[in-house]
Structure formats: structure tokens, C-alpha cells
Amino acid sequence: MSNHYLSIENVQKTFGRGPEALNVLKDINLTVDRGEYIAIIGHSGCGKSTVLNVVAGLLDASAGGVILDGKEVNQPGPDRSLVFQNHSLLPWLTVYENVALAVNKVCAKTMNKAERKEWILKNLDMVGMSHALDQLPTQISGGMKQRVGIARALAMEPKVLLLDEPFGALDALTRAHLQDEVMRIQADLNNTVMMITHDVDEAVLLSDRIVMMTNGPSATIGEILDIKLPRPRDRIALAEDPEYNHYRREVLRFLHEKQRKVKPLQKAPPAEPARQAQQA
Amino acid sequence: MTTDVTTPKTTGALVAMKLRPSPVLQEKLLHLGKTFLANVVPPIVVLAGLLALWEFLCADPASTLPAPSRVISDTWELIVNPFYDHGGNDLGLGWQILASLERVAYGYALAVIAGISLGVLVGKSNWAMRGLDPIFQVLRTVPPLAWLPISLAAFQASAPSAIFVIFITAIWPIIINTAVGVRNIPDDYRNVARVVRLNGFENFTKIMLPAAAPYIFSGLRIGIGLSWLAIVAAEMLIGGVGIGFFIWDAWNASMISDIVLALIYVGIVGFLLDRMVGFIGNRVTRGTSA
């Protein structure tokens, strides 16, 4: 149908059946080019993660489909590797073994043992985790776990890298640091990336396009914003940049004016006359 | 002359310096000593107090139970000779305990294999859970000894019956804990397996077993404790060599001191078995299980 690298076509997702069925996604259409960095932003509960899970193949779409590099997606696979918010490292394996589990399975046919080992080490080195190869996930910090998760996902050499709020559980400083790392790695590898986020700054800073989703149920894509900031991007310089702030404002306007999550306080406590007046 | 006097003094000081441990080592020793005192002194004090109380309560020569001092003097032969062999059932306590441990080893090993397999089945398959879980819940409340007559009837021999009682006692907590462990594997781990496309066998060995291992080991730990409880009771009924029958035999011969000694041994062995399974679990799960 299209000559785009990744295309999401008329995807719908309904959970449950009968009268209790909940239509989460409706008419999701999106095309992504090779090497593009897409951020999907929206209020929590709008179905962002469902979109990502459909692309990952972890969930089946109720209607429509996803085509990646000319093939339809119908099951999970290493060509669409995921980085989860809660890192999902296996706690009984060391940092090295966690990446090795993926590499030894995915690259079994293309690399011999020595090459695989080198590849694992290379990916861990890329995220700056070479010093902790023999540590267990419980022995390293949240930011480090997320680095290992990214290394594991990258080591599978995915066609699309899917990031599900990858930095959501981290403190602001660690998050900024990891965002810079991801930008650096992205500049080197030029992966195709889809990232779920609800952090406006993160979306504007990292992506080429921001996909803004309307509120559920039956959520769909509201607006798409092209971010034409030159790369490499520097967060400090951008803080004063009028274009950056314009993009930021556009996203904020979408989220907080057009797709206001909380309706104006309808059930305001009666003790507050000002709000009562508003209601009337 | 003055030099002659001073020289030995300095060397003496030097030797003393060398012998004295470095401050870091001293600190470590002090710390070790403190933890030792904190952990070992309380049980010794309490044990000494309880022994004194026991000694006091049973001090009367007419008392029905022997005082600790009498237990030791009565059983001194048994304590110093754990591995004598006078033929028949007249064996040292070491042999008796080893005979019991052998039965437990057979029964428990079978329970581990069958229990983990059934637990994985019940954990993986909803149909199996709905079908088997009610049966398990009823059967697990049957007291171990109630299985003995029926197994004697089935096997027509005491040795396999005792092993069966151990098996049937230990298997329930292993099944139930394994099933819970398999059911509680976080979706994240399953998703990792799906994205990497592990096959069924790899999923079982690389994700399911290690993820459920902390639960499995708590089942194994409960199971070994129950096995040891059951074997003593079962052996009282089936006879032969074993610590359980030793106790029953001693009761029939009115050798109460022997019983007391045997109970102490039973307790210590049970404690060691529990710690052993706990230790293995800790090693296997790399510290994520108790």
C-alpha cells in the first residue's frame, strides 16, 4: 500500500466483548520512515502503550494492521525490540547474561560464539555499562538498569526500536543524562524509533515528529507535529531557543487545551463559592 | 655501654609493632567479635536457663522424667558410640538417623520431581488447575499417618510404604508453591521471552524455572520439614531400623533418657535439613529466595 518503512493502518483495538467491550483505539493511521524518531504523547490511559504493544506484536489489533518493511506484524519478534518502563531485566541473570540471553538466541545463526560475546560487550560498552558486567540487576541503580535494557534492545539490531516510557521511572537528572545518551546513540546508529512518553520536553528534544493522541475511549491520533530542530540538539542551548519553545507550546496547548483530561471541576465541594459560581 | 642498653629496647619495640594487627584488621576483628557476641550469647544464656529450670524441676529422684544430668549419664554410651552395631535393630543412633534419612531422601526426591512437574502443569494450564486444584486442596489436609495403612495394603511391605508416606506428605506444598510461582511470573518476563522468541523448552529452563525458583524453594523447604516430621511418626508404626522406631522401642523399654536424646537428635537433624534446602535455594536463586 505504501512505501513507508513502518505503517500502521486503520488499527482498532477493543478489549472485552459484548456490552462491556471497551474500544480503546480507533482509526490509528501512521507511517514512519526509516531512521525516523517518533514520539507518541498523550494523557495517561489514552492507549499510547496499546499502540506500541500492537506494533510490538504483543497485542493483536482488533481491526487493521501493522506493516514493517513490507511484512505484516502478527507476533512479537526481535526485529521490534522493546525497552520497558520498568526495565524488565531478569533478576537472576547478571547484566552480561541479560544481554546474552537475547543475543545468543537472536544472533545464533549470524554470529559464532566469539563474535556474539564481542557484540554483547560492544552494546554494553555503548550504553556505558562495561564496568558492571557481573552485577545482578538488584545491585545497580534504576538508570543503569534502563541502560542495560537499552543495550539488550539494541543488541537485537531491531528494525524498529520501541521505547515504552523508558525514562518515566527515573529521577530528573538521570533522565536527562539518559536522554542525551539515547540522542548520541541514535546519531551513530540512526535507528527507527517509536517512543511513548508523557514528558513534553523529552518528546520535543528527542524526536523528529510528535504524534499527539486524543483522550480515550476510542482514542486516535489528534495532531502530528514535525520537529525541525537541527541535530545534534543541546538541551541547554535549546532552553532559550524560540523554535523549541514554540514546539513545546504547541504540544502543551494540545494536551492542556484541546485534550483537557480533567473536566472543569463539576463536583466542586460546596464550601467553595467561587467554583460553585463557575459551575452555574 | 649506653648504645648496648638502648639497642635491645628499640628492637623490642619494633617486634611489638609488627605483631600488633593493623588498625583495619583490628576493626574487623572487633566487629566480628561483636556480631558473635550479639548472636551467640543470647541463645546460650537462654538454653542454660532452660536446662537449669529442667534440672530443678526434675531434681526429685521420684520424678517421672529424668533431669538433664541423668539423661547424659544414662545415655553416655549412646552419645560416645553413635555408630556401634550389635546386630539386628541394636544399632547406634548415627545408624538409626541415617536409616531414616535414607527413607526421607527417596520419598522426598520423588516428591520433588513429581511435585515440580505437577506444579508447573497446574501453573501453566487453567484446565489442569480447575481440575486438579480442588483435589489437591482436599488431599493435602489428610494427615501423613492416615496414608500409612492404605500404602501398606498397596505395597504389602513396610519399606516402600514409609517412602510413600514421605512422598505424599512432602508433595503438596511443593505442588502448590510451584503452581503459584509459575502463575506469578510477571508479564514482563513473558514478553521478553516472546520478543526474543524463545522456544518452549528454552522458555521453561531460562524463564519459567528461574522466575518461579523462589516460590519453588519455599515449597521445597516446607516439604523437607514435613517429611522429617512424618518419617519419625511412620517409623514408630512400621518398625525396623530408624530413629522413629528407636524412640518407640525406648518407650517400650522405659528408657526415657534414650527418648530425650533421640528427640534432641531429631530436632538438630530437622534443623540442618531445613537450613540445607534454604542454603541451596539461596545459591540457586542468587539470593532472591529466603
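Chain identifiers are assigned alphabetically (A, B, ...) following the order of the sequence lines, protein sequences preceding nucleic acid strands; residue numbering begins at 1 within each chain.
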Any side-chain heavy-atom pair of [X] and [Y] under 4.5 Å:
| X | Y | value |
| --- | --- | --- |
| B/Lys206 | A/Leu90 | no |
| A/Pro91 | B/Tyr189 | yes |
| B/Arg197 | A/Pro76 | no |
| A/Asn86 | B/Asp188 | yes |

Shortest non-hydrogen pair, B/Val192 vs A/Phe84, comes out as CG2-CE1, 4.5 Å
In terms of heavy-atom proximity below 4.5 Å to chain B, should [X] be classed as side chain, backbone, both, or neither?
| X | value |
| --- | --- |
| A/Leu136 | side chain |
| A/Gln85 | neither |
| A/Arg80 | both |
| A/Leu93 | backbone |

Is the number of heavy atoms from other residues, nucleotides or ligands within 6.0 Å of [atom1] ([X]) greater than 12?
| X | atom1 | result |
| --- | --- | --- |
| A/Lys159 | NZ | yes |
| A/Lys117 | NZ | no |
| B/Glu27 | CD | no |
| B/Tyr106 | OH | no |
| A/Arg184 | CZ | yes |
| A/Glu118 | CD | no |
| B/Trp95 | CH2 | no |

Is B/Asp187 close to chain A through its backbone or its side chain, or both, or neither, when contacts mean heavy atoms under 4.5 Å? neither
Residue B/Ala193 versus chain A: region with a heavy atom under 4.5 Å: neither
CH2-CD1 distance between A/Trp92 and B/Ile207, expressed to the nearest 0.5 angstrom: 5.0 Å
